[in-house]
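A short write-up of the structure that comes next.
In each ligand, atom 1 is the first atom listed, and ligand 1 is the first ligand listed. Note: hydrogens, waters and symmetry copies are ignored here, and every other heavy atom, side chains too, is used.
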Amino acid sequence: MKKTITTLFVATCSFIPPIAVQASELPAISLKSLAKQSNIYVGAALETRHLKEPEFAKTFSSQFNQLTPENEMKWVNIHPQRDRFDFSKGDELVAFAQQHNMQVKGHTLVWHIQNPDWLTQKEWTAPELEKVLEEHIKTVVGHYKGKVKYWDVVNESFNENGSYRETLWYKVLGERYLELAFKFAHEADPEAILFYNDYNNEGMGAKSNAIYRKVKGMVEEGVPIHGVGFQLHLMGEHALSEQDLARNINRLKHLGLKIHFTEIDVRIRDNASHFSLDAQARIFGRLMDFAIYYPEIDMYTTWGVTDKYSWVPGWFTGYGRALMFDENYQAKNAFKAVYSSLLSASKGEFSYQPPISQ
Ligand code: 9MR
């Protein structure tokens, strides 16, 4: 039964001419059910407005089992005034996730972007800002206790050269704002699984070294941090360095940390040929191979569902088509590559091994 249904779909899983697969023609065995067999959540970031579109809601709920709020749990939206929280949108997303048996990863408790004016326009003393941080984290994490299991606690603390980003948090509280944030989140929900999240941190380099040093220090001091997120906003024209990715994963896993792929998208030049979709698919597929190979990687999240609503074209002029579904909700080769890796794992035929495996 299982084999017959999937064979129909897998026949289209080559890297040659993309065959249109409408959302209504998605494989009977969903991506999420295959991923579950490999103990991986497959997720996407989105906003409440997207769920109002039936094709979106259908594609998302049929294929994914994890949800990250793209914007609606960020400070500017959830904490618009110092003495007022607005959980309405966040609650809607959590309700949708519960209805569809999905995990939620809260995003994000500390960042330097999308903060309200009341927070950024005031000169804070260290004790005042620590109190504000504590109130924010404890109120938000407390509100979602038992409903949001995973949190991006701190997002993007480091510059490319490994120095600390000069954010409000760093300037007033110093680097201990990270320890404080994890401690407050853990106090609010001792069951929650807490992550540090960043971009350009998947390989080896000054930034990932700095993150490694910091999380190692926190683990050794008993700070409740449980994992590191690699955002993975990538470019289709750049090959993935599998060796570097493996080395970085290995050192983090030896600290006892989990690794999540948190914001995957692979952007393509607008004028690139259709072969670029194959290069993109290889990256999506290889990332899933890593997730299958390493038990420490149990979440594979794309930063959006469809190219129709991706943040990419608005931020990178001349680039787009970064996700697994195109603007018409047709599954791209990227989806087929991810599906095909999961299918081979479910059949016991998975054979990928990273270049360095320890
Ligand atoms: O996708 C988000 C976009 O809608 C917002 O305008 C933007 C504001 O900076 O944030 C985007 O999401 C970011 C995420 O929260 C953190 N990592 C980078 C993501 C892409 O910018």
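Ring centroid separation for the pair Trp303 and Trp315 does not come in under the 6.0 Å cut-off.
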List the atom pairs, with distances to 0.1 Å, where a side-chain N or O of residues 95-102 and a protein N or O form a donor-acceptor pair under 3.5 Å, not counting sequence neighbours.
unit_1 : atom_1 : unit_2 : atom_2 : d
His100 : ND1    : Phe96  : O      : 2.9

Identify all side-chain donor-acceptor contacts of residues 184-191 below 3.5 Å with residues at least two apart in sequence or on another chain.
unit_1 : atom_1 : unit_2 : atom_2 : d
Glu187 : OE1    : Lys138 : NZ     : 2.6
Asp189 : OD1    : Glu191 : N      : 3.0

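Residue Lys332 forms a salt bridge (Lys or Arg N to Asp or Glu O under 4.0 Å) with just one option from Asp278, Asp265, Asp307, Asp326, and that option is Asp307.
Shown here are the side chain to side chain donor-acceptor pair (under 3.5 Å) partners of Glu47, two or more places apart in sequence or in another chain: Arg49, Asn71.
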Could you pull out the N/O contacts under 3.5 angstrom between ligand 1 and the surrounding protein atoms?
unit_1   : atom_1 : unit_2 : atom_2 : d
ligand 1 : 1 (O)  : Glu70  : OE2    : 2.5
ligand 1 : 1 (O)  : Trp303 : NE1    : 2.8
ligand 1 : 4 (O)  : Glu70  : OE2    : 3.3
ligand 1 : 4 (O)  : Asn71  : ND2    : 2.9
ligand 1 : 10 (O) : Lys74  : NZ     : 3.2
ligand 1 : 12 (O) : Lys74  : NZ     : 3.4
ligand 1 : 12 (O) : Trp303 : NE1    : 3.3
ligand 1 : 15 (O) : Lys74  : NZ     : 2.7
ligand 1 : 15 (O) : His107 : NE2    : 2.7
ligand 1 : 17 (N) : Glu156 : OE2    : 3.0
ligand 1 : 17 (N) : Gln231 : OE1    : 3.1
ligand 1 : 17 (N) : Gln231 : NE2    : 3.4
ligand 1 : 17 (N) : Glu263 : OE1    : 2.7
ligand 1 : 17 (N) : Glu263 : OE2    : 3.4

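Between the OH atom in Tyr196 and the CG atom in Asn155 there is a gap of 7.5 Å [rounded to 0.5 Å].
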